[in-house]
Amino acid sequence: METLLLEKKDYEAFITALINWCEVISPVKKEVVRFKKIKNPSDVYLGKNSFFPVKEFFFRKKETIFKFKNNKISIPKLESPKRIFFGLRKCDLNAISHQDKVFMETVKDPYYISQRKNSYLIGYHCNEAPSKYCFCESMRLKDFFDLMLYDKHKDFFLVEVGSEKGKTLAKKFGKYLKRTDNKVSLEEKKIPGADRLPDSNIKDLYDNPGWQEGVDKCLSCTACTALCPTCYCFDLKDEVKARNLSEGERVRNWSSCQLKEFTMVAGSHVFREKREERFKHRIYHQLDYFREKYDVDLCTGCGRCIEGCPTRIDFVDIINRMKQDKAKQ
Amino acid sequence: MTKAIFVEKENPYIPLPCKVVDYKRESPDNFTITLDLRLKHEPGQFVQVSLPGIGECPISICSYPEEQLKLNIREVGSMTNALAKLRKGDSLFVRGPYGNGYKMEQFKNNNLIIIGGGCGVAPLKGVIEYVERHRDDYKNVHLFLGYRSPDNILFKEELEEWRNKYHLTVTIDENAHGEFCYNAKTGFITDALKNSDINNENKVVFVCGPPVMMNYVIQVLKDKGFNDDQIFISAERLMYCAFGACCHCMIRGKYTCIDGPVFRYDEVKNYKND
């Protein structure tokens with residue numbers, strides 16, 4: 001992997017050059033930190049990870065699948081904007097790679113692909129866990145980025161080139177990204193304070209009573225799945241125009257496995273009727289089921305589902321406790 | 001005239017237009033529509049049926065490819081109630097086929113036991129039609145079909161034909177009409193099964209019906225010595241995409257839409273509520 005050097009005195013000019021080349025989206029600090037299109041280098045906020053995940057730019061909250069009018073279907077023209085996503089953390093980059101597996105490699109979802117294909121991903125590597133809920137180090141994440149900035153030195157960033165798109169950027173912005181003999185060591189890629197879940201294998205915990213602690217506090221509010229950078233469940237439904245019922249569109253909306261109606265079939269039978277079943281389904285999809293199919297855990301350890309939970313259910317603590325209790329027996 | 005279906009290669013969400021060529025009421029809340037579609041599929045698979053403005057829902061195929069595609073539908077929700085209003089010449093949209101059906105090739109030279117409850121008989125009718133066309137490949141065929149009342153009996157015309165060709169048992173839970181002409185026994189399908197002389201020798205069993213009925217049927221089968229891997233069930237779940245993305249139909253780590261709807265019982269037996 002090629003490593004380049006970006007002097008900190010060139011940082012603002014580099015960001016400005018990116019903005020002049022195409023739309024740049026990065027964490028911006030308002031009431032909360034979230035990904036937004038930026039106009040100036042000073043808009044970029046790297047002090048903390050974004051409260052909301054970046055997934056809404058690729059797997060959009062609401063997508064028009066097709067329009068219909070008098071029983072004729074028309075597919076919207078899909079645009080593929082050229083965009084740079086700047087300041088993505090390792091957890092969020094891996095989350096994108098997991099959604100890529102679903103929507104690009106397996107399903108070939110044209111809506112996701114059109115949003116994703118001309119996007120460039122520039123990471124900002126955490127020097128330490130930005131939140132006390134982080135546990136990415138426990139999730140065996142991969143290097144997945146076009147460029148990754150490592151902020152380990154006073155005067156410069158080291159920049160790793162991780163893909164063909166990264167090479168394109170390195171070439172295009174060669175004025176700022178200079179050659180260097182420096183390398184980022186494996187030790188420097190570790191993120192201190194983010195290894196809270198030493199053993200994420202929960203296969204033999206399904207019937208453990210320890211889950212109850214989380215279940216009792218769960219409101220089924222779906223904040224966890226909305227804030228999760230990897231959760232990708234969705235509904236399809238038809239919306240019609242009020243003035244003409246034969247005209248409208250089929251839309252895809254985010255959904256959540258925490259809702260009772262998520263498994264409701266015609267006749268009103270609900271398969272995951274109990275909150276416990278729904279609560280466990282989310283955790284097991286993240287740490288077990290996804291691996292069955294895609295050979296990687298869905299969860300990337302960003303901790304948003306814990307930080308954003310109104311009752312602060314820390315499923316990492318719950319799993320750790322169950323493991324400890326089991327070890328004692 | 002039938003036309004061949006092609007699946008939209010560029011966009012898996014887009015259904016294709018087709019027309020109703022026949023409509024037949026089977027019971028007070030159940031009907032069969034025939035579409036001008038010729039669709040290569042295996043018995044037990046399903047299609048996603050769309051009525052723009054109402055929505056989309058999965059419907060199992062109740063016919064075998066040589067014919068025009070037939071769908072048997074029970075009116076239980078907004079989509080199926082809207083579908084019930086379709087008549088000859090009306091248009092609708094279909095995509096598919098989807099799912100893992102009954103792998104009939106694998107069951108060659110076996111005796112088949114086919115057990116259906118209510119509208120769960122619909123996908124099994126596809127199996128029966130397959131067997132009719134490949135009769136020499138299978139040995140004895142037992143059909144156990146259970147309905148709530150005489151009015152709910154489906155495929156009444158086909159019943160006589162099946163009675164001549166196979167070992168047919170029809171049951172009705174309650175016989176409100178007293179005397180009754182389909183040679184149906186009053187009582188639950190499980191009782192008929194219990195009293196029959198079936199055994200597990202060289203047999204595979206297909207079960208499709210309401211969850212409660214399937215649970216009891218499986219219990220009876222196990223009492224009669226059947227192994228879990230001889231039993232194939234067809235699962236029902238809510239689904240939107242039908243290609244393993246929307247996640248609504250997950251049964252633990254399995255997707256009903258791609259790993260099912262037909263599962264070998266031992267694959268999912270512990271996961272009834274998940």
Side-chain angles (χ1 to χ4, degrees), chain A residues 63 65-73 75 78 102-103 106-112 206 231-241 244-250 252 255-257 261-274 277-278 280-281 284-285 288-293, chain B residues 8-17 19 48 50-59 73-82 90-93 118-119 210-212 235-256 258-259 270-274:
Chain A
E63 190 81 59
I65 298 294
F66 58 74
K67 294 183 187 232
F68 52 81
K69 194 175 178 180
N70 301 325
N71 252 330
K72 288 257 184 315
I73 283 176
I75 306 167
L78 301 176
V102 176
F103 290 119
T106 310
V107 172
K108 305 206 172 17
D109 182 292
Y111 309 94
Y112 182 91
Y206 196 87
C231 275
Y232 60 92
C233 298
F234 61 81
D235 293 344
L236 294 170
K237 73 169 187 195
D238 288 6
E239 291 180 353
V240 290
K241 295 246 171 22
N244 180 3
L245 298 180
S246 67
E247 186 181 349
E249 52 187 51
R250 177 157 299 165
R252 179 177 75 188
S255 182
S256 172
C257 59
E261 54 267 36
F262 191 79
T263 57
M264 188 190 281
V265 290
S268 302
H269 180 75
V270 176
F271 284 91
R272 281 190 289 276
E273 172 92 42
K274 291 191 193 135
E277 290 154 357
R278 301 196 294 273
K280 286 201 277 195
H281 184 80
Y284 273 81
H285 193 192
D288 192 41
Y289 306 154
F290 194 77
R291 187 164 2 104
E292 268 178 40
K293 195 160 187 274
Chain B
E8 175 78 48
K9 287 209 174 58
E10 303 291 311
N11 191 327
Y13 296 89
I14 307 302
L16 294 155
K19 280 197 171 11
Q48 286 286 57
S50 277
L51 290 173
I54 311 284
E56 187 170 48
C57 70
I59 302 284
I73 299 165
R74 185 171 164 224
E75 295 152 68
V76 274
S78 54
M79 257 305 281
T80 48
N81 278 312
D90 286 346
S91 60
L92 70 165
F93 290 81
C119 60
V212 181
E236 183 197 10
R237 287 294 185 280
L238 175 64
M239 46 181 83
Y240 286 99
C241 71
F243 41 71
C246 79
C247 293
H248 283 265
C249 72
M250 285 177 82
I251 303 177
R252 300 232 179 161
K254 294 194 190 307
Y255 293 79
T256 308
I258 46 180
D259 303 319
N270 297 323
Y271 306 157
K272 279 170 205 140
N273 297 318
D274 295 323

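Treat the numbers as computed from the prediction; the structure is a model and nothing was measured. Letters go in sequence order (proteins before strands), and every chain restarts at 1. Note: hydrogens, waters and symmetry copies are ignored here, and every other heavy atom, side chains too, is used.
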Proximity breakdown for [X] and chain B, heavy-atom pairs closer than 4.5 Å:
X: A:V107; answer: both
X: A:E249; answer: neither
X: A:C233; answer: both
X: A:S246; answer: neither
X: A:F290; answer: neither
X: A:F66; answer: side chain

Of all heavy-atom pairs between [X] and [Y], which one has the smallest distance, and what is that distance?
X: A:D238; Y: B:G55; result: OD2-N, 3.2 Å
X: B:M250; Y: A:R272; result: O-NH1, 3.2 Å
X: A:K108; Y: B:P12; result: O-CD, 3.9 Å
X: B:N11; Y: A:I75; result: ND2-CG2, 4.0 Å
X: A:P110; Y: B:E10; result: CG-O, 3.7 Å
X: A:V265; Y: B:R237; result: CG1-C, 3.5 Å

Q: Verify the distance criterion only: is there a donor paired with an acceptor across the side chains of B:Y13 and A:R252 at less than 3.5 Å?
A: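 There is such a pair (donor and acceptor under 3.5 Å, judged by atom type) between the side chains of B:Y13 and A:R252.
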**Q.** chain A contacts, top residue of B:C57, B:G77, B:G53 (heavy-atom pairs, under 4.5 Å)
**A.**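 Ranked by heavy-atom pairs under 4.5 Å with chain A, first place is B:G53.
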With a 4.5 Å heavy-atom cut-off, do [X] and [Y] have their side chains touching?
X: A:K293; Y: B:I258; value: yes
X: B:F93; Y: A:F68; value: no
X: B:P15; Y: A:I73; value: yes
X: A:R250; Y: B:S50; value: yes

Q. Would a distance-only check, ignoring hydrogens and angles, find a side-chain to backbone donor-acceptor pair under 3.5 Å from B:H248 to A:F234?
A.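 Yes, the answer is positive, given that a donor and an acceptor are paired below the 3.5 Å cut-off.
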To the nearest 0.5 Å, what is the distance between [atom1] on [X] and [atom2] on [Y]?
X: B:L92; Y: A:N71; atom1: CG; atom2: CG; answer: 8.5 Å
X: A:F271; Y: B:I251; atom1: CZ; atom2: CD1; answer: 7.5 Å
X: B:C247; Y: A:D235; atom1: SG; atom2: CG; answer: 11.5 Å

Q) Which residues satisfy the salt bridge (charged side-chain N to carboxylate O under 4.0 Å, His left out) test with A:E239, sequence neighbours excluded? A)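 Counting only residues at least two positions away or on another chain, A:E239 forms a salt bridge (charged side-chain N to carboxylate O under 4.0 Å, His left out) with A:K62.
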Q: Answer yes when B:R252 and A:E292 have at least one side-chain N-carboxylate O distance shorter than 4.0 Å, and no when they do not.
A: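 No salt bridge links B:R252 with A:E292.
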